[in-house]
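Residue numbers start at 1 and run along the sequence shown.
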Amino acid sequence: MIREYKTIQEIASPLMVVRQVEGVTYDELGELELPTGEVRRCKVLEVEGDKAVVQLFESAQGINLAETKVRFLGHPLELGVSEDMLGRVFNGMGEPIDGGPEILADAHRDINGLPMNPAARAYPAEFIQTGVSTIDGLNTLVRGQKLPIFSCSGLPHAALAAQIARQARVLGANENFAVVFAAIGITFEESEYFINDFRRTGAIDRTVVFSNLANDPAVERISTPRMALTAAEYLAFEKDMHVLVILTDITNYAEALREISAAKKEVPGRRGYPGYLYTDLAQMYERAGRRTGKKGSITMIPILTMPEDDKTHPIPDLTGYITEGQIILSRELHRKGIVPPVDVLPSLSRLKDKGIGEGKTREDHSGTMNQLFAAYARGKDAKELMTILGEAALSDDDKLFAKFADEFERRYVSQGNETNRTIEETLDLGWELLSILPRKELKRIKPEYIEKYMPESK
């Protein structure tokens with residue numbers, strides 16, 4: 001039997017203290033019934049003796065301490081999961097906001113879940129095609145991987161996120177693929193952009209969208225990515241689907257965590273973030289991966305804007321420790337009009353070697369990838385030298401490398417947000433660009449591949 005309490009001691013939004021409670025546990029879901037009959041939700045953050053500190057999911061406005069009833073429901077926040085979620089749009093609390101009917105749930109799952117047991121993990125080894133050359137060709141995404149995108153304020157990471165969600169697929173017949181897209185603390189315009197883009201392209205049919213807006217309560221931002229991962233776990237491990245989870249923007253999530261930590265008067269850590277920011281992010285990120293004995297998989301792309309463009313800021317710093325690489329967007333390339341402005345040299349996918357090669361992409365992938373990196377790095381050095389000493393100071397080979405760097409940025413990196421390249425098109429374009437260089441400089445590719453794939457000189 002659910003007991004009701006009229007023993008609210010104090011409210012310091014978003015927190016509330018309830019006295020004389022019995023049998024209440026951490027993370028338990030609760031409801032407030034106002035004298036008007038309105039019902040609002042909350043969850044238990046802390047229990048000490050007969051006092052419970054609860055966190056409100058909505059505003060504290062209008063709550064009468066003497067007359068408002070509080071009841072605890074005996075279970076944590078849950079999400080009703082079903083295959084019918086595909087094609088639907090939910091808010092950060094898992095409620096439909098697209099005008100469609102309520103979901104008939106196959107099951108109700110605790111949104112907090114658990115990080116995947118390392119002993120039950122299968123090693124990521126299969127290629128996922130995003131249609132973006134800088135990712136597919138140079139920083140390959142592998143099924144079950146966590147590959148974040150580090151962006152800066154004002155850069156077009158939203159357009160890149162929508163492009164990946166729209167274009168991503170696994171190669172091979174009869175492979176069920178789905179996208180779970182969670183927008184955390186974004187503006188209404190951004191939310192409409194994502195939803196309209198998915199509907200325009202038909203990608204919505206295989207996508208579950210969770211949208212938490214900037215004017216929604218901070219606590220909802222904490223639940224949004226967990227809702228998304230709960231839906232992804234159901235689709236991947238119950239329905240054998242390959243699920244790509246895109247979370248944008250993790251910085252807004254961490255800011256909400258800091259806000260709630262400050263309200264609880266916890267001792268702050270670096271830059272005012274709580275000391276448990278690392279473990280909190282790890283609990284979330286480590287829910288992605290492949291499980292031994294399960295056909296499905298969860299691949300994750302968290303997107304975050306680096307405060308003050310600082311890679312050493314706690315949010316990108318800790319994310320880099322937990323995940324397997326990073327894709328970095330560049331202001332300099334953005335100013336040049338390159339879309340998407342992916343800076344390939346500091347970007348890294350630590351698992352790229354596991355998802356490429358014969359039977360996965362193509363036999364020449366590894367060699368061409370290494371050669372493109374090396375040639376672009378030398379071309380950038382040549383261009384810097386040219387800026388300081390003038391073109392006359394460069395050797396003929398250096399001039400070719402400088403030309404290669406320009407063409408590489410213009411044709412390979414810059415492909416726009418509507419171009420969807422297959423892995424074969426990306427590899428062929430790489431060969432076309434390498435044909436600018438003398439063959440004696442292609443030291444990282446096997447000679448037989450040069451003979452087989454190098455386009456004929458015009």
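- Taking each heavy atom of Val245 and Ile298 in turn, the nearest pair found is CG2-CG2, 3.7 Å.
- The backbone N or O of Gly416 sits less than 3.5 Å from a side-chain atom of Gln163, completing a donor-acceptor pair.
- With hydrogens and angles left out, the side-chain atoms of Ser414 and Glu409 include no donor and acceptor closer than 3.5 Å.
- What you find for Asp98 and Val89 is that their closest heavy atoms are OD2-N, 3.1 Å.
- Closest of all the heavy-atom pairs between Ser151 and His157 is OG-ND1, 2.8 Å.
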Take Ile327 and Leu147 through the test side chain to side chain contact (heavy atoms under 4.5 Å, CB included) and record every step on the way to the result. CA-CA 7 Å; Ile327 304 294; Leu147 184 63; 4.0 Å; yes
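- For the atom pair NZ (Lys383) and CZ (Phe401), the distance works out to 14.5 Å, reported to the nearest 0.5 Å.
- Shown are Leu247, Thr319, Ile184; of these, the side-chain contact (heavy atoms from CB on, under 4.5 Å) with Leu304 is made only by Thr319.
- Between the side chains of Thr299 and Arg143, no donor-acceptor pair is found at a separation under 3.5 Å.
- A donor and an acceptor atom, one from each side chain of Glu255 and Tyr273, are located under 3.5 Å apart.
- Arg166 places no side-chain N or O within 3.5 Å of a backbone atom of Ile204 that could act as its donor or acceptor partner.
- Counting heavy atoms from C-beta on, the side chains of Leu281 and Ile250 come closer than 4.5 Å.
- Under a 4.0 Å N-O distance rule, the pair Glu363/Lys446 does not qualify as a salt bridge.
- Between the side chain of Ser349 and the backbone N or O of Thr140, at least one donor-acceptor pair lies under 3.5 Å.
- Judged by distance alone, the side chains of Arg291 and Ser297 never bring a donor and an acceptor atom under 3.5 Å apart.
- Using a 4.5 Å heavy-atom threshold, the side chains of Leu213 and Thr187 count as separate.
- Across Lys239, Glu233, Arg109, a single residue satisfies side-chain contact (heavy atoms from CB on, under 4.5 Å) together with Val81, and that is Arg109.
- Between Leu77 and Met93, some side-chain heavy-atom pair lies under the 4.5 Å cut-off.
- Judged by distance alone, the side chains of Thr130 and Gln167 never bring a donor and an acceptor atom under 3.5 Å apart.
- The side-chain heavy atoms of Val179 and Val243, taken from C-beta on, include no pair separated by under 4.5 Å.
- Remark: Arg335 does not engage Glu332 in a salt bridge, criterion side-chain N to carboxylate O under 4.0 Å.
- Of the possible donor and acceptor atoms, one in the side chain of Arg88 sits under 3.5 Å from a partner among the backbone N and O of Pro101.
- Between Leu400 and Glu441 there is no side-chain heavy-atom pair separated by less than 4.5 Å.
- Ionic pairing of Lys311 and Asp317 is not present here: no N-O contact between side-chain nitrogen and carboxylate oxygen is shorter than 4.0 angstrom.
- Taking the centre of each ring, His313 and Phe150 stay at or above the 6.0 Å mark.
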Using side chain to side chain contact (heavy atoms under 4.5 Å, CB included), reason through Leu79 and Tyr234 one step at a time and then give a plain yes or no. CA-CA 10 Å; Leu79 176 68; Tyr234 172 77; over 6 Å; no
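- Remark: the backbone N or O of Leu29 is not paired with any side-chain donor or acceptor of His75 at under 3.5 angstrom.
- Using a 30° and 60° split on the angle between ring planes, Phe210 and Phe90 fall in the parallel class, below 30°.
- There is a side-chain donor-acceptor pair under 3.5 Å between Thr251 and Asp249.
- Side-chain contact, Asn139 with Ser347: no donor N or O sits under 3.5 Å from an acceptor N or O.
- Salt bridge annotation for Arg378-Asp398: present, with a cationic side-chain nitrogen under 4.0 angstrom from a carboxylate oxygen.
- Taking each heavy atom of Leu160 and Asn417 in turn, the nearest pair found is N-ND2, 4.2 Å.
- For the salt bridge (charged side-chain N to carboxylate O under 4.0 Å, His left out) test with Arg41, the passing option among Glu28, Glu220, Glu95 is Glu95; the others fail.
- Remark: the Glu266 side chain and the Tyr276 side chain contain an N/O donor-acceptor pair separated by less than 3.5 Å.
- Looking at Asp310 and Arg270, no side-chain N of the basic residue comes within less than 4.0 Å of a carboxylate O on the acidic one, giving no salt bridge.
- Remark: side-chain polar atoms of Arg350 are paired, donor with acceptor, to backbone N or O of Thr323 under 3.5 angstrom.
- The shortest heavy-atom contact between Asp136 and Gly131 is OD2-N, 2.9 Å.
- Taken from CZ in Arg439 to CD1 in Ile445, the straight-line distance is 10.5 Å, to the nearest 0.5 Å.
- The aromatic ring centroids of Phe194 and Phe181 lie less than 6.0 Å from each other.
- Between the Glu259 side chain and the Ala256 main chain, no donor and acceptor come within less than 3.5 Å of each other.
- A donor-acceptor pair under 3.5 Å is formed between the side chain of Gln415 and the backbone N or O of Thr419.
- Annotation: side chain of Gln55 is in contact with side chain of Ile260 (closest heavy-atom distance under 4.5 Å).
- Atom NE2 of His242 and atom CG of Leu235 lie 12.5 Å apart (nearest 0.5 Å).
- A donor-acceptor pair is defined here as one N or O able to donate and one able to accept, closer than 3.5 Å; such a pair exists between the side chain of Asn212 and the backbone of Gly185.
- Put simply, the side chain of Ser82 never gets that close to the backbone of Asp106: no donor and acceptor are under 3.5 Å apart.
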- Query: So Lys352 and Leu138, side chain to side chain contact (heavy atoms under 4.5 Å, CB included) or not? Walk me through it.
  - Reply: CA-CA 8 Å; Lys352 63 188 174 189; Leu138 302 174; over 6 Å; no
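- Taking every heavy atom of both residues into account, Pro316 and Met306 meet most closely at CG-CG, 3.8 Å.
- Using a 4.5 Å heavy-atom cutoff, the side chains of Asp216 and Thr224 are not in contact.
- Contact check on Asp27 versus Lys43 returns a salt bridge, with a Lys/Arg side-chain nitrogen under 4.0 Å from an Asp/Glu carboxylate oxygen.
- Residues Ile301 and Ile303 have side chains in contact (heavy-atom distance under 4.5 Å, counting atoms from C-beta outward).
- Ring geometry, Tyr453 versus Trp431: the interplanar angle falls under 30°, so the pair is classed parallel (tilted spans 30 to 60°).
- Here Arg411 pairs with Glu432 in a salt bridge; the nearest charged N to carboxylate O distance falls below 4.0 Å.
- Other residues, nucleotides and ligands contribute only 12 or fewer heavy atoms inside 6.0 Å of the CG atom of Leu104.
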Would you sort out whether Leu257 and Asp280 count as a side chain to side chain contact (heavy atoms under 4.5 Å, CB included), showing the intermediate values?
CA-CA 9 Å; Leu257 210 61; Asp280 194 278; 3.7 Å; yes
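- Using a 4.0 Å cut-off between charged side-chain N and carboxylate O, Arg331 and Asp343 make no salt bridge.
- Annotation: the span from Phe373 atom CZ to Phe408 atom CZ amounts to 7.5 Å, rounded to 0.5 Å.
- At a threshold of 4.0 Å, the pair Glu126-Arg290 counts as salt-bridged, since one of the basic side-chain nitrogens sits closer than that to a carboxylate oxygen.
- Atom CD1 of residue Ile164 and atom CD of residue Gln129 lie 12.5 Å apart, to the nearest 0.5 angstrom.
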